[in-house]
Amino acid sequence: MKNRRGFIQTTLAGTAGLVFSRHSGISAATTQSVDSRLEILLDESIGTISPNLYGHFTEHLGGTIYDGVWVGVKSKVPNLDGIRKDLVDQMRKIKAPVVRYPGGCFADSYDWRDGIGPSDKRPRRTNFWLQAESDRSPASHKYDPNEFGTNEFVHFCKLIGAEPYLAANVRSLPASEFYRWVEYCNSPAGSTTLAEERAKTGASQPYNVRYWGVGNESWGCGGNFTPQEYAVEFRRYSAWLPHYGQSLSLIASGPNSDDWDWTRGFFEEIVRKRPSQLGGIYGWALHHYAWNLSRGRTNDWEKGKGDAIQFDPVDWYEILREGERVEDLILGHWQVMGEFDREHRVKLVVDEWGPWYRPGSEATPGDILEQTPTPRDAVFSGMTLDIFNRHASMLHMANCAQLINCLNSLYLAHEDRFVVTPVGHVFEMYAGHQGGESRRTIFSAPSVQYDRDGKPATFWGLQGSASLHGKDLLVTVVNPHTTQAREAEITIRGGSASSAIATTLSHSDIHARNTFDNREAVIPQKKESVVRNGAVVHTFPAASVTALSIHLT
Ligand code: AHR
């Protein structure tokens, strides 16, 4: 397992990195001295922020489904038809728009038929992730009982008000099984044998599932294809899919981080047949994990990783550096796609993103790939969501990997215990961006200066994004500096603030975390900000994420 591929076989808005010494000429609005400045350009629209940029991902992996989402109808843990109630309550709060399921790598080993019909008749199957499980992992993580399948997942989505996004198996099932899964989900009441089977579970009306992934990581665990081979498979799996009046948005399996050849090879092959084939592709799914904290010493997938909770400031900046690469990846893949799709009919989807640390910080020992988020991951997540907002015109969807008990979890749960992580709080703070009009921002702040293994290094001082809903402006800002606050004046070009409320997530200890026993160590604080002469003056604490809700006159 040498690298991820083997393993699973800026324009930064405005002035990123600018060294900004104490600002002069802005004191008209403020009596206190500020060291940073933010400008929101109301008349420079970037596009509408698709609510789906705030999407989620749940895979049959470790404790994500069994224990995380699904506790079972007979459980003493408060549940709604077997689904963890605390989770449903939280996801309603964050206005979860879409959830991807059942994988990940699991998807290309999954037979959807195993997960339908009476629960007690469903087969137990070997989970894709079996080899990674340990003696401490429960049996349901190794041998999937299939208690949670299509019906339960769609029900979960209904409970939280989200759209389901199903990933089809391209590696180990024929295309006909993809058609049948669509038929099971979407054929009208009483029309087909599968519609009748669906009705037996109480769902006579079609689920109308719109989003379908055609495989997952088809360059690796999803079939080990070349991009050309995958393009041919994509054509075959997507040709003449029945749609039953529900238009289907097909998402093709895109590149691993900077694998430009995967993007180029796929699109070249797709248009070689006929450029109109591009019309059948809704999204091109990029995956980017930030995992390598070795500062260039290794690319080994195991050796390069760092710890989730034991880290120094250099590791803090390093994971942010690795994470912010997603901005260049969006721009780079967009450019390559444009070589073949000049009108950019196909948009990008980032259907897996987040930091990935080595094992050791599991809230529940035995849950593989579970890690405990800290303020570092809150800052990472805020930074990433801001990047997505700033590229709203290129992106259709993004799904954080993963929702619960896995990687960049919004929530951790075990039996009757449940906790919202700092990442979960960030999603709540950013929920107001969904459906807003993204506006261009210019950030000017002193950059972070630090020692990176004996060499001077810098990282930008403040970054963020802004969106407009009528007279309400939401500005989200990340201060990555581990020790220094930033005092900023926020001016609105083309508008004027009448009031501003700031919600801030920060902690004096960058290693702080919410645990089952201390659930509120890192929680957001709300307070009114100073508004003078139509501008907002605000101090962004060190290592913080802030959401400023500004009302315009
Ligand atoms: O999210 C964990 C795994 O990472 C997914 O199963 C796979 O798609 C990716 O490599």
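Since we're looking at a predicted model, the values are computed, not measured. Counting starts at 1 for both ligands and their atoms, following the listed order. Only heavy atoms go into these numbers, but all of them, side chains included; no hydrogens, no water, no symmetry mates. Throughout, numbering of the chain's residues begins at 1 and tracks the sequence.
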K.L.:
Of the listed options (Phe106, Trp129, Tyr289), which comes nearest to atom 1 (O) of ligand 1 when hydrogens are ignored and any heavy atom counts?
P.N.:
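Checking each option, the heavy atom nearest atom 1 (O) of ligand 1 is found in Tyr289.
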
K.L.:
Looking at Gln335, I want to see if its CD is surrounded by more than 12 non-hydrogen atoms of other residues, nucleotides or ligands under 6.0 Å.
P.N.:
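Not more than 12 within 6.0 Å, no.
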
K.L.:
Using the test salt bridge (Lys or Arg N to Asp or Glu O under 4.0 Å), find all partners of Asp89 that sit at least two apart in sequence or belong to another chain.
P.N.:
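For Asp89, the residues satisfying salt bridge (Lys or Arg N to Asp or Glu O under 4.0 Å) (neighbours in sequence not counted) are Lys85.
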
K.L.:
Give me the one residue out of Phe153, Tyr143, Tyr101 that meets ring-ring contact (aromatic ring centres under 6.0 Å, His included) with His60.
P.N.:
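Only one option passes, and that is Tyr101.
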
K.L.:
Ligand 1 and Cys105, any nitrogen or oxygen pair closer than 3.5 angstrom?
P.N.:
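There is such a contact, yes.
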
K.L.:
Check each atom of ligand 1 against the heavy atoms of Gln402 and keep those under 4.0 Å away; list them by number with element.
P.N.:
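Counting atoms of ligand 1 from 1, those under 4.0 Å from Gln402 are 1 (O), 2 (C).
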
K.L.:
Out of all atoms in ligand 1, which are within 4.0 Å of some heavy atom of Leu407? Include the element for each.
P.N.:
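Counting atoms of ligand 1 from 1, those under 4.0 Å from Leu407 are 1 (O), 2 (C).
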
K.L.:
A quick test of your reading: do over 12 heavy atoms of other residues, nucleotides or ligands sit less than 6.0 Å from NZ of Lys142?
P.N.:
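Enclosed: over 12 neighbouring heavy atoms sit under 6.0 Å from NZ of Lys142.
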
K.L.:
Find all atoms of ligand 1 within a distance of less than 4.0 Å from any non-hydrogen atom belonging to Glu217, and give their numbers and elements.
P.N.:
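Counting atoms of ligand 1 from 1, those under 4.0 Å from Glu217 are 7 (C), 8 (O), 9 (C), 10 (O).
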
K.L.:
Among Trp301, Trp291, Phe380, find the one that has a ring-ring contact (aromatic ring centres under 6.0 Å, His included) with Trp356.
P.N.:
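It is Trp301, the one option of Trp301, Trp291, Phe380 that forms the ring-ring contact (aromatic ring centres under 6.0 Å, His included) with Trp356.
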
K.L.:
Are Asp81 and Lys158 ion-paired here, with the side-chain N under 4.0 Å from a carboxylate O?
P.N.:
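Judged by the 4.0 Å cut-off on N to carboxylate O distance, Asp81 and Lys158 do not form a salt bridge.
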
K.L.:
What atoms in ligand 1 come closer than 4.0 Å to a heavy atom of Asn216?
P.N.:
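Answer for ligand 1: 8 (O).
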
K.L.:
Just jot down the ligand 1 atoms closer than 4.0 angstrom to any heavy atom of Phe57, in number order.
P.N.:
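It comes down to these atoms of ligand 1: 1 (O).
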
K.L.:
Under 4.0 Å, heavy-atom basis, I'd like to know which part of Trp356 is in contact with ligand 1: side chain, backbone, both or neither.
P.N.:
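The answer is the side chain of Trp356.
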
